[in-house]
Structure formats: C-alpha cells, structure tokens
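Read through the structure below, which is laid out as structure tokens, and then see the notes.
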Amino acid sequence: MVPPPLLDVQSQSSNGDALHPPPRSQKQMTKAERRELQERQRAAKAAKATTAAPNGVNGKHAGIKPGSSAAMSNAPSPRRASRASDAPTRPSSLSVSRPTRDSRVPQTPHPAPSSDKARGLRIFAHFGLPKPVSVAKGEIHPTIVRLALQFSNFKITGANARCIATLIAFKQVIQDYTTPPNNTLSRHLMTHLSPQISHLVAARPMSVTMGNAIRQLKLEISGSDIDLPEQDAKDALCHKIDHYIRDRIIIADQVIRDTAVSKIKDGDVILTYARSSVVEKVLLGAHEEGRCFSVIVVDSRPMLEGKKLLSILASAGIQCTYLLLPALGSIINEVSTVLIGAHSIHSNGAVFSRAGSALVAMMAKQHSVPVVVCCETYKFSEGVQLDSFTKNELAPIGSMFSSDRHARSQDASAFQNQPNLEVLNPLYDLTPPSCITAVVTEVGVIPPNSMSSIPLALGRF
Amino acid sequence: MDFDESSTKLIPPEFLAVVLAGFGNEQVLLPLTGNYGDEPSPKALLPIANKPMLEYPLIWIEQSGIRGTPYSETSFTTPYTSDASSAFPTLRIDLQTYDESQGLSVGTCTILRHYAHRIQRDFVLLPCDFVPAPSFSLTQVLNKFRTESTYDGAIATACFFEGRRPDKSSSTDEWGALPTPIPIVWDERTGTLLHIETPDDIDRNGEEMELRMSLLTRYPRARLSATLHDSHVYVFRRQVLDALQQKSRFDSLREEFVPWLCKPQYQRSKQEKYGRVLSPSTNTLTQGIALRHSTLHSKSPGHHDTEEDFLRSPPSDGQNEEHSRSVNPLLIDGEDDDEALDSLRVGLVVLRANTEYAARANNLHGYLELNRHFLSQTVYSLPTDPESRSLIDHKAQISSDSMIGHSTKVEERTSIKKSIIGKHCVIGKMVRITGCVVHDHCVIADGAKLDGCILGKGTKVGEKAELTRCVTQCGYEVSAGENTRNEKLDVSDWAAAPESSEENEDEEGSEEDSE
C-alpha cells in the first residue's frame, strides 16, 4: 500500500538537520502513514501487555488460593491484590532478583502486574519474609541472641512457648543488669530492654502474647520502687515475671482444662487442628479423668505440628485418627466437638490461629458441630481484626520443618531455584466470630460476641 | 562524670576464644620452626602470604564479634604480641605461656586442664594455623552452637572441612607423608558428629571400624566419610572442662578427647557416668517450660524407662530425632525442675570444598598450598613506596602472581614466578625463583635457582646454588654451587655447636599434636 514511511522519510531529510527528524517526518507523512505508525506502536504496547497479562491472570489465581480465610469473598481480593501491589516497599529478600515494577501498574484497570516474576508474593508483599538475624555486636545479651536464633529456626514455636521463653530470657537479662550511675532502674532498664526486644522482633514478628507480656513487664518496671536496693528490685521483677507465667499461663491452662474436660462426654469424637498446647493439656486431662473418647487430629503442611500431637496422644493411650486438611470433609459428620487453640483473640471475637483453622471452623459450622476455642485471657488483643491479610507472617522455605524426609533436602533447593515459582506459607488465619460457638477462658465460657466486655475488665489486673 | 557508660558492662560476654599457638608436631614443620640462633621460631608466626599465620584466626575471631580474651598458649615471648594488641583493638589479647619442662611433650589437653580455672564461660578453641574460607564466618559455627545448646543441651560444636586434593608435583614425600584424613561418622540432617576414629582404634583393629548399635539406632541415616579434615575449631560448653579434668589420661584434644566426647550422646553407660558432669542441673540457660509448650517439640521418654521403648512409636521419618529430647510430659506441673537429661550432642558444621578454600597449615604441604592459594588471589603490582620501588630493578621479571614484601631488593634479570618473597630480602642478579616461599631477611646471591622451596628467615643462599623442593631452617647458609633436591636442611652446626643442638631437641616439645 503505502511504502514504509518512517525510514524513507528520515533518509530523505538529508539536509543535515538531524535535530528534528521525528516531527518533520510526522508532518511529511500522509495521514495513512501516521495511522500506520500509531497502529504499530499500539501493537507493540499491546504485545508487551499481553506477555504480562497471562502472568498477571495466573498471579491473581495463585494469590487468591493461599488466602485461606473462609470469610473472604473473591470480589474484595482482586482489589486487595492491586492495593497490595501498590505497596511501595518490597522487604522480601527474594525480591532482589526481580526486575523493578513498571509504573504503569496502578493505572491498569485490572490487577495485572507488569513484572512477570512478582506475581506470587504480591498478596503478602507488605510483610515479606523474615530476614536472617544479624548479630548486633555487644549490645544484645547472649540469652537473647540464642533465643532469637531459636525463633528464627523455628525451634520454639507456639504462642505460649514463645511468651514463656521470652519472659525467662528477660529474667536472665534483668539479673545480669546493673544500673549505671546517675540513673534509676525504673527508667533505664526499659531503654536497656528495647534493643533486646527489637532483636527478637527482627528474628520473628512478635506474637500478641509476647506483646502483652512485655507490656505488663514494662508496667511493672516503671512501677518499681526507687528506694529499693538494686538486687531487691531485680528479684522483685523476676518474681513478678514468675507469677505472670504461673498465673496467666500455667494456672489458666489448668482452669481451662478443668472447664473443658467437663464438656467432654463419654463417646465423644473430638476434632482438633494442628497442635495447641492448651488443647493438648485438655485432651490429656480428660483422658486422665477416665473419659472415653477419641480424637481426630487434622494437620497441614509445612509445619505438620499435628504429628507431634499425635505421638503424644497416642503414647498416652488415646484413640486417635490423623488426617490432612483436605480430607476434612469426609469425616466431619462423625465429629461431635471441635477444639482449637488460638494465637490471639480480638475484641470483635475473631480468633487468630494457625492457618487452616478457619477452614475447620467454617466446615464445622456448616455441619452444626460446636467449635470451642480454648484460649487464656492474656492472649486477648484489643484491636479489631477483620481479615488475615493485614497482619500475618510468612514461614521461610526450608528444611527447618523437617516434615518429609524424602523431600527434605530437595525441598529448599527445588523451590528456591525456580524462576517461575514463588512459595507462600502464611502461618496464621482468622476465624470470624460467626463460626465459633464458645471460647473457654479461665474466667469462664464466653460467647464470642461478648469478648470485648468481660476479659477486658479482668485482663487488666 | 563518666559519660562512657559502656553497655558492654551490662552484657556479660558470651564466648571466650582460646587460640593455641604452640609448636605443632615437630617432625612435620621442622626445620622451619627450628631455632634461629637462640631465638625460637614459632609456628604461629610463620608467614602465609607475608602475614603471620596467627593473624588469620585473630581476624576471624574479630569478625565474629567475640570480644573475649584470646589466650595464646606459647612457650616464648615474641615482639608480635605487642603488635597484635594494637592491630586488634577490639580483642583483648592475653598471652599465656606454658613452660614445657624438660622436653616432655605436652598435649593440648594438658594445657587446657592447666588453664581451666581461668575459663569461666563457654569457649571457642582455635588453632593458630587454620585459615578459613572468606565466606565462612565463625558466626555460623557459633550460631549452631547457640541454637543447639539451648534447644537440646548440645555440649560442643566442631567444624570439619573438605580438603582440596594436593598437587602431586609440588611436594615430595621427603617432606613427610601427607596426612590422611581420619574417617568420621556424622548425621547430616541434624548436623551431629557421631564418631571419630582415633589412632587407638586404628591400632586395635586396623581393618574394621567399630560402631555402636545405639549410635545406629538413634541415627539410622548416618554418613561415613574419609575426606573431611578436622579444622580444630571447637566450641565447647564450660562443663566440658570439668569432664576433661576427670579424664586425666587424655593428652590430645583432637585425637582423644573430642572422639571421646562424641560418645556420651548415644552410649548409655557413658551418659550415666558423665551426664551429671556434662550438664549439671545448675545450668540456668534452660528453656524447659517453654520447650514443653512449644508446638514443634515433642517429648521423649526419659532415659530411665527404656524398657518401654518398644511401646513408643519409633521416629517414623527420623523427624523426631531433633525435636524429641528428654523433656517431661506436659501434664507435670511446671514447678519441678526438668531433670532434663540433655542430649549431650556434639554438633558439626561441614564446610564443603566447592564453596571456598579453607585449610590448615600444620604441615609443610599445607603450608605451601596455602601460600599458593593466596598467590592465586592477588595480582602483583610494583610497590608504590618509592624506596621499595627503587630497590627493585626494572629489568627484573616478576610475574603477576607473586608477592614481594617491602624493602626487598631485587636485582636485574632476575625472574620470580609464583612466589612469595618476604621483607628486607636481598636477591641478586640472574636468580630464578619459581614457586617458592621465601621468608624475611633472606639473602640470595647471584645466579641461584630455587624451585618449590621454603626458605626460613634469614637464609643465605650462595651463588649459583640450586635448590629444588628444599626446606631450610632459619639462618641456614647454603654454600655456593650446592645442588640440593628434596631435602630438609637444618642448621646442625651453629657457632655454639653442641649445646645448641641439644637445645634444638629440647625445644622440640610439641604443644599441639599432630595427625
């Protein structure tokens, strides 16, 4: 039709004025030539967009599946994905190798990421993966250094365990502390503890239990008497820590155990998910009391904590069944009660627990099985949480969970070397209050709607 | 008013680093470590790539953040220590000398026993001759120790590395046989060192390797390897010294004590005997209650009820190995202190050869190899110092993979290839030096040819002498025209002849044992 306009035009403009070939060539082109140029440019742009688009569509699907919260509908999640994609920070260490995102992303009408490698992690991009703990020289107490290593290597897991470990480590730190001259313990000890706390948080994000305990500890420190000699003040603080552990965890667990055991009748089939220290105590306690019941342990990867619970219950002599989460639907009809533990419980009654427990609760609700959450009052968090996207934690990939011996050494390398594969392991999810029947605490059995009223008053003693 | 409120006062130091800087096995590194006149020439100060050997472990310690006080156990005083203290301001270096008495060769265990009362916390034991790979940090070994000693009561962590195959042509058998690495058994998944063959075992039964069944029951997927060398870097808990005091007949750390230390983790008789010593109940760093509540931790029955072993479901995938330690079950109230018999494991960090090069310079081959390795890392350029520059003749041919110390004089038409020359040397005309390590203050006269030699400090090489793969003692004089191959030349006739030769033999006490 028309000879290719651009190049010929440019070669024709040979009078040496090389500064303005493009505008002149546009003017010299006919209208058809200009349209052809435009078409070509648009085709190039569309080609670039389509190479990104299939990846974007895949990313959308991949991003939705791990969002395991049952209450999420699909409509908010694409919007949320695009909102997450607008997040400016990419703290994940995996993002180093990714190309930088195009600035066109916010303007595209559908949430298609332009960089093809980014799709997997976009949905939790705002809290990325934990970084390896770097040893700050000299300012961090060795006990805290070791504890941070335990956390980051997932040797101590579970809300109760981490809180107890933190408090015991702080006891050691307080005992080794000496007040510098011209200072008081009540003021300086807190500044001394702050870098230790941030070191622990850098290893693994702080749990609600740890936060509550540390807040209480700071309250005690600031309230300590100025006139006390230093060793007495330190001993008093250590005693308070011991009492906190004893009253709000150990004895609370005993009360919960007694309350929950009374709800277990002979012939019950109890279902529990993953492993909670409280639920374990309840089940062992019920067995000691002589109740005759059986337990179904539901488990999920990558942590496979249910296996540990299974070995403990089985060695205690309780009849157990073990299955993985996808098989839940096939046995839910036989279950009489569901007992789950919690990482934290919020004032709207939502329970933040191991990823997968929301599914269990929702399924049980559908089949009219009562869902009982066993939770101490110190796990109460005053915020309101509506979903598990804003606050969550990703588990690092690696052999640290040592779940499957055949795949253990291949897992990490296989998953990390794939350019088109991102692995997401969120650790927590949110169970909405509508799925929960009752919450057993040491102050009583509470329906989830009234969470904000009672423990709030009692939790502040 | 003292504004220097160092927060380090509030933080107790965690580790103490102990560097053993003795003589090493005398047969192996002599004549390099022989006397230089009356002064001893310690192994720790032999230069690798023109830096004293001792500097490498000290730098390594400094990088890992240990502020403690490294001890150098030596039997002499050197001017180096004052340099060392200034060169490493963050380390507080405390030099301890251990006098050998009347030529008794002293083992490393004896020295540790001697100084045990000064070591009050967990400590890292390093040799002076280990050069670590640059990407391998001591923090890795320390982190493994920290994690494991708190988690399940490990008592030590060792570090083994895979050696590089030596170049056959570069060293000869006259220098001494290459040390064969000792077979070890370890569990890869948990990184536990299980068994080290000792020379006693080899003497007792040279053809077979005897392993306990309890070892294999606990760690069914253990691995056996004979290609790993011991780096002699150990991290120990304080209680290990108490156990060492009990075993007074042990002499060598590497050959006797560490293999023995691997045994209590699976051998019940030793566990019962030494369990209390190795993990006393006063150890306050336990997180027993927390571990009981931890969701990834499972109890195992205590070691006393092994008759119920068959009732316990066996660790199906072996996954329970790491997590099932003897912690009392959850129902027992938290007030009782856990008679947690710790696992008494010995951890292991294995450094693979494909990552980076690490080696020990405890024999002549290793020493030469290390020097060669550092040569391959650097590119030679003429010294910028004008005085040194002037000393090197422009007609001398110095290849780019050599190193020359400062103030060394090199005359014309000399060719130096693949060599390390120390400071203040005088090298004459038409000298050919290939693949050598020449220490400081040497004088090499015109026309000499050196190939693959190690010349000690202050060696004088006469005119037109030819030395191939020789090792000379400090201050040795090679006469002119001498042609020597594959020999260890040591000064047997000094001015003060008979006494000094006796002194040489007396000083040959070894403070660090050999392979």
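All figures in this text were calculated on a predicted structure; none of them were measured in a lab. By convention in this document, chain letters (A, B, ...) are assigned in the order of the sequence lines, proteins followed by strands, and residues within each chain are numbered from 1.
Within the 4.5 angstrom heavy-atom criterion, no atom of A/Gln175 approaches chain B. Proximity to chain B (any heavy atom under 4.5 Å) is shown, for A/Leu167, by neither the backbone nor the side chain. Contact annotation for A/Ala274: neither backbone nor side-chain heavy atoms come within less than 4.5 Å of a heavy atom of chain B. Contact annotation for A/Asp242: neither backbone nor side-chain heavy atoms come within less than 4.5 Å of a heavy atom of chain B.
Between the NE2 atom in B/His293 and the CD1 atom in A/Ile249 there is a gap of 6.5 Å [rounded to 0.5 Å]. Once rounded to the nearest 0.5 Å, the distance linking OG1 of B/Thr147 with CZ of A/Arg146 reads 9.0 Å. Considering NZ of B/Lys144 and CG of A/Leu149, their distance stands at 11.5 Å, rounded to 0.5 Å. The CZ atom of B/Arg146 sits 12.0 Å away from atom CG of A/Asn153, with the distance rounded to the nearest 0.5 Å.
A 6.0 Å sphere centred on CD of A/Gln319 holds no more than 12 heavy atoms belonging to other residues, nucleotides or ligands.
In terms of modelled atom types and a separation under 3.5 Å, the side chain of B/Thr295 and the main chain of A/Arg275 share no donor-acceptor contact.
Shortest non-hydrogen contact noted between B/Ala290 and A/Ile164 is N-CG2, 3.8 Å.
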